Every structure is written in structure tokens, then in C-alpha cells.
Number of protein chains: 2
Amino acid sequence: MPFRACLLAIGDEIVSGTTIDTNSSFVSQSLREVGVEVVAIFSVVDDEAAIARAVRRAFEEAELVVSTGGLGPTADDLTTACIARLAGCELTLHEPSLRAIEERFRNRGIEMTPNNRKQALLPEGSEVVPNPLGTAPGFICPVEVEGVTRYVASFPGVPREMMRMVEESLIPWVTARAGGARFASRIFSTFGLAESRLDELLVGVLEGEEGRLAFRAAFPRVQARITLSGGREDDLVSRLDAAEARVRERLGHHLYGVGDVGMEEVVGALLRERSLTLALAESCTGGLIGHRLTDVPGSSEYFRLGIIAYANEAKQQLLSVSRDTLETHGAVSVETAIEMARGARAAARSDLALATTGIAGPGGGTAEKPIGTVCIAIAWEGGDWSKRFDLGARDRDWIKQMTAQVGLDSLRRHLLGR
Amino acid sequence: MPFRACLLAIGDEIVSGTTIDTNSSFVSQSLREVGVEVVAIFSVVDDEAAIARAVRRAFEEAELVVSTGGLGPTADDLTTACIARLAGCELTLHEPSLRAIEERFRNRGIEMTPNNRKQALLPEGSEVVPNPLGTAPGFICPVEVEGVTRYVASFPGVPREMMRMVEESLIPWVTARAGGARFASRIFSTFGLAESRLDELLVGVLEGEEGRLAFRAAFPRVQARITLSGGREDDLVSRLDAAEARVRERLGHHLYGVGDVGMEEVVGALLRERSLTLALAESCTGGLIGHRLTDVPGSSEYFRLGIIAYANEAKQQLLSVSRDTLETHGAVSVETAIEMARGARAAARSDLALATTGIAGPGGGTAEKPIGTVCIAIAWEGGDWSKRFDLGARDRDWIKQMTAQVGLDSLRRHLLGR
């Protein structure tokens, strides 16, 4: 059966604008990937009457209501009681949830306050959704609406708890109701393709398969996700492997990782695998590449040194870029980029070095080198590579972000020989 | 009259989760600051029936509906037509808007397509809101609901266009309707205080004033905003100046800027004012401070060089940190931080240098130096300053962000002699 869903984000902090609702985007994308269409999102305050009105309106739009927030232990957490009233059922103590909450407090050596017991009171007849990362369990509660059974699925508002519970419990529940089928999915992270182009390249990749293809874009990441259903679990994995082989063939070097991974993680894993060390010479990216590389735990194993050579003097003194190169070709040139990369490699005594230099704007553009002109170079033992890119006159932040991504991608492709 | 408002975020990309709705948070906070309570947020797809249902439901909750999105030139932009139908009025061509759109295309040397003309068709009887940054004007349209006049205010979904239009047109409109009063507001950006502590410190700061105090927190920024109403415009400014003096006295060095500014902008402005140059030696922040400083246009005037000295060897070779210091005190120590700052200053021949070294985790913590231990140093001609901070065992990204903020704040206070 094709489901429609309406999402409910519950909490004063969302309606007042103090907190941006990122949960709904996650839930919506997750549901869409298994074929559920989300038709509306309602954000309401912590007020029982307001929540009840929102649930009723949501059932005018959809068969499934997914709420996030309002499951905490305090007096302003009203979701559970409100749903029970709408469903016409009692709240009953769910013993396994109470024990899980008690154990959680014991493990952390904190005394459990009586109001935490409230989180184990759940609407009778609900399917309980365990919360492996926090105290509040979720639940999926049937509600009769004009003689038809519909469902409210409620999750805590803490993003990492909610995300895990949706992935592990709601999505399988939805898939099971949509015909009892098993399902499995895989994400493909790409770079260098617009979402529309990615869509074109993957047309028909699931031909003959029972499954679906969905896309996500969150600059600078563009991802495709394949979800297959039907069959046994081992069968699903081998079918996913076959689909992955077809995706790889079609996307070539644009596919930089399988899973929801950042370019810095992929580059880091390649460096670690090969026991290579890296140095950076950053000009227009101003430290952003170093920042991204060091976001990865354990990056000190391969990342030795970064030099943010913003001034020409710094390029000369610390990176040994020659005055002649700077004067003849300018600070933004492939010649300067190559010397920066060589200089960083020599200073760090690393296996590899990556250099960026460019015009991020808003000032500094010329007819020959407009804003968005960027040069990237890589140096290694006995060789180097460099290229000029024209990224276009976008805003400063975008140019920095894109340069970092192009730089890391160039390094990845160099390491893979593509 | 006390207004209540309900927000409408219109667009398939929001409901499907492709785009996170940040507009509603901005509108909600802006309205709250002038005394309008936002009671709910509805996000709906680009479908005329869905938009109409949402507006009707919104009027059950509030007197004012503020919509964002769906004002574009294409067929799926349906907001204007839908609102006109609900208001029972015709769409008429707004000549000044058409001329503004035409001029915009002329200035950019692009041909205007006929569908752009659609953006100048607005509900008759509306107040037109000019869009200084884009083609689609907004409007505030009266709608009779059960014999009472209510209002729909519609803005484009592009955040920077919408923000400017809300600030310049909606907020004054709301304030005028709330009694015809003039108003003016000022933002105070703080660091080092929790929102609750900031609230405590500012209790009574507006005593005897006709105005309101509101708070915003977006890590690592915590802001207070004072909005005063009544009186002539010049009178409001002098009253705001008086309020600012009281705020300054109460917040002391915790107030780092007036307006919605980042610490990197404040530090950059101080360096530029005093014609001072800066170098960085970053270990645990991995380039983040350089990245933030270079987000500010014109930062090349004062930012000379950053050295991301992740490896101990790099600390020794490029920053001249002595092997003895590293062995005796460790890489995370005030002694190492001071030598890093001195070394960066010498390498860059800059007036000042800022250094960070710390344990961002998840590995590397010890009993004596647990995760979250951070040392910061500043070096200048003939002197230096350093301090150890225990930020607590938070996640890696948080520790990097907080260290960068503490480092920049330390530099700011040094420059101001506080």
C-alpha cells in the first residue's frame, strides 16, 4: 500500500525559531527512500490542545503521522499523553523501557529522578521503539480515524537518538507494512555532477529490480541511494553488490565513496591505507582544507603540516616560491601552485603535498583572472600535477568550499591513478 | 493589539527534506523581537489546494500568516494566485514592480523571459513589498475571515532576499499596526555566558523603558537584542545609546560586538584599525581559525601566515619549539603554546601571533590532560600571554569550534587590554 506521511515537529524552541528543525528533513528523506511520500510538515508548540489539533489536521493529509520531540521527562513534554488521549487508550508502564532507563542512570552513576519514570509510560497497544542512545523510548500507536486505523509514530527530538530509531525501527516497520518485504539500501557519494546529471546517468540502473533510486544534495555532497526490496537478506546484499557494480561503471571517478562519507574521510583512508603523509599549502582556502582533514579522528597519523600562506612573503619564505614566478605569473597561477606544493612537501618532509591559490573575492578579480579563478597543485616524489579551474563569480564562502572540495578530490584521484 | 502569527514555508524541496527550512526560524525570531507570538509553522508542497488548506488552518491559529517561497516565475510557483483567490480579489499588474524586474534584467544583460512578468502580478489591494535583491516582490494582502480582516504577508524563499524584506518592510508594518509606534533595535553579541546567565545579567536593564529584550543562541554566538518603541527616530537612537551604555557596564568583556557579528570580524576590524599583522600556529584547531579569519573580505590586509603544526616535528622545524619543551611539558602545554606563538610570529615577521594546542579527542586523553584540555598563547613584540583551559570531554568538532572561539576572544581582549 502506498503510504502518505505528515510530519509533526513538537517544541516551543522550534516554533520560536531558537532551534532550526533539521529532524523533519531527515525523516522526510528517509521515508521517501522507502516509497513513503511526505505531504506536509507541521511545527507546533508544547501545548496539548495545539498538538491534538495538529495531529487531527495531519490525518486529513496522510495515513501516517511521524512526530519528533516532546517525549522528555519534564512537565512541558506532552506528546505521549496527547497521543494516548487521541487514540482513546490508557498510558501503561512498559517494564522493559523502565528497566532500560534505570540501567542507563545506574551506568552513568546518576540518581534517577521520579519524573524519568514518566518516559516509560506509553500508550497501551503501541509498538514500543527502543532508544539505544537515550532515555525516552519511542512508540508507534494505532489511532482510529473515521473507522480506519491510522498510525502515529513518535520519537524524541534529540537528532542522533531520533535518527537511529527511525533507521532501525520506523523504516523497517514501514517497509514491512508495505508488503512484508525485506529491504536493504546503499548510498553513493558523488562529486562533480549536478543532481539532474546524476539522475540522467543512473536512468535504468535498476531495470528489472524491485527497488528505488533517490537523490540527496547537501553542498558539496550529491548522493544517490539505492533501496532494494524482496528476497532473503543475503540475496539482497548480492543484488546490491551487482547494482553497485553498475553504478560504478556509469559514474566512474565521480563516485568518491560508498556510504554517507565526506571527501576528507575518503582521502584520509587512502593515505592511511598506503602509509603516506600529507602537507598542505593553502592560500585562498585559508585553512579550510586543514580544518576538514582534522575533523577526521586519527588524522594526525597522516596529516603533518599545513601552511596558510596568505601573504606573498609567506609564499616566498616558508614555501620557497620564487619571486620570479610570483612576478611573472602572479600569485594565482599554476606555476605558483606547483611551487607552493613542492615547498610544503619539502618543509614537512611528507610524501605528498596539496596546494591551493585563487581569487575568492569580493575584490581582486581581473579580466584575465576573474573571481573564481583557482589553481590547484599536487607534488610527490619526482613529480607534480596542476590545473586551473574557473569556478565562476560566486560568493566568497562558496568559492572557498568548492576549492577545498576540488582540491581534496584531485588528491583522491591522484592516489587512485584516475 | 497583540498579534499572533502562523508561518507557512511553501515548497516541495522543504517537505521532501532536500532543503532545511531556515527561513521560518529567522521570521519567527524577528517577529518575536517586536512582540508578535508565532504559534505554529506549516510546511506544504507547491500545490494550490494544499496551500489554500494551510492558509485556512493558519487563520484558525493566528491573525497574521507569513509565507515564504512559491513566488518564482515558473509554473510551480503558486502562492500569489492562491492568496488572491482566498482573498477574493484579482491579480493586477504592479507597474513599479514590472519596471524594477525589467531594469534588473537589463543591468545584468540577460533577456527577460515572459514568465518573469508574472512576478509583477499581485493581489489587488495588497501592500507591495519591494525586493531590493531579487526579482520577486512580496506583498501584504488583507483577507476577510468570518467578517474579520486578517493578513497574509508573502515573501520569496531565497533567504537573503526574504531576510532583507522582512527586516525592512514586515517588521515596520507590524510595529506600525501594533499602535503606530516607531521602533528601533540593537543586537549585542556576547561570548562566555550561557543564555540563562545573560538573561540574569540583563534583568531590569530596560526598567522604565518601553521596549523588549530578546535572546538568540547559535553556538558559539549568544546574543541579546533590545527593541525600543515610541517617540521620534532621533529620540529612539539616543535611548538605544543609553541602553547600550547600561548593557556594556553589565556585560563587561563578555560583550564582544554590537550587531550580528562574528568574533573573526571584530578581531579583523581591531587589527586593521591598529595596522597590526597576525600569524597563527594551529594544532588542535587544524586550520579552523585561519578559515574563519579568511572568511572576512579584506583579511589579507592583516592576516599574513598560518602554520598548522599537527606533527611534533612540524612544531620543532617550522615553529622552533624546542625538543626539550616538548619532552618536558608535552605538546599540549602552555610552554609549547608560547613557543608556537613566538615561532609563528618570527616566521611571519608579524606584529602578533596566536597559538592553539589541545586534545580534541576521541583519542589522546590522559588523567592529567583529559580530552578538552586546551592551551592558548599570544606573542607580541617583547611579551606573551598564555592560559590552559579545560573545556570538558565534548565531541571533537565542538572542542575545535570552542577552541577557535576562545582563541579569537583572547586575542580580542589582548588588543583591548582587558
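Here the structure is a predicted model, which is why all the values come from computation and not from measurement. Protein chains get the first letters and strands the later ones, always in sequence-line order, with residue 1 at the start of each.
- Between A/H291 and B/H291, the ring planes are parallel. Angles under 30° get that label, and only those over 60° would be called perpendicular.
- Only the backbone of A/V296 comes within contact range of chain B, judged by heavy atoms closer than 4.5 Å.
- In this structure, chain B has a heavy atom under 4.5 Å from the side chain of A/L318, while its backbone stays farther away.
- Of all the listed residues (A/G290, A/G286, A/S24, A/C284), the one sharing the greatest number of non-hydrogen pairs under 4.5 Å with chain B is A/G286.
- No other option in B/D295, B/V44, B/I289 has as many heavy-atom pairs under 4.5 Å with chain A as B/D295.
- Under 4.0 Å is where a charged nitrogen must lie from a carboxylate oxygen, and between A/R349 and B/E313 no such pair does.
- Considering only heavy atoms from C-beta on, A/L293 stays 4.5 Å or farther from B/Y310 through its side chain.
- Residues A/P159 and A/N23 form a side-chain contact, since some pair of their non-hydrogen atoms from C-beta on lies under 4.5 Å apart.
- Taking A/S16, A/A40, A/A311, A/P362 one by one and counting their heavy-atom pairs under 4.5 Å with chain B, the maximum is reached by A/S16.
- When B/T294, B/V45, B/L31, B/T277 are compared by the number of non-hydrogen pairs under 4.5 Å with chain A, B/T294 comes out ahead.
- Interface remark: B/V39 contributes backbone atoms only to the contact with chain A (heavy atom separation under 4.5 Å).
- Heavy atoms closer than 4.5 Å to chain A are found in the side chain of B/R396, but not in its backbone.
- Using a 4.0 Å cut-off between charged side-chain N and carboxylate O, B/R53 and A/E60 make no salt bridge.
- Here the side chain of B/E13 pairs no donor or acceptor atom with the backbone of B/T19 at under 3.5 angstrom.
- Interface remark: A/R32 contributes side-chain atoms only to the contact with chain B (heavy atom separation under 4.5 Å).
- Among the candidates B/A309, B/S43, B/C6, the residue making the largest number of heavy-atom pairs closer than 4.5 Å to chain A is B/S43.
- Only the backbone of A/T285 comes within contact range of chain B, with at least one heavy atom under 4.5 Å from a heavy atom of that chain.
- The residue among A/A9, A/G364, A/A50, A/S300 with the most heavy atom pairs within less than 4.5 Å of chain B is A/S300.
- Looking at A/E282, the atoms closer than 4.5 Å to chain B (heavy atoms on both sides) all sit in the side chain, from C-beta outward.
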Could you walk me through whether B/L271 and B/L352 pass side-chain contact (heavy atoms from CB on, under 4.5 Å), step by step? CA-CA 10 Å; B/L271 291 169; B/L352 286 156; 3.7 Å; yes
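- Ion pairing between a basic and an acidic side chain is recognised when a charged N comes within 4.0 Å of a carboxylate O; B/R225 and B/D260 show no such pairing.
- In this structure, the portion of A/D21 lying under 4.5 Å from any heavy atom of chain B is its backbone and not its side chain.
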Steps toward side-chain contact (heavy atoms from CB on, under 4.5 Å) verdict (B/V374, B/I359): CA-CA 6 Å; B/V374 165; B/I359 299 161; over 6 Å; no
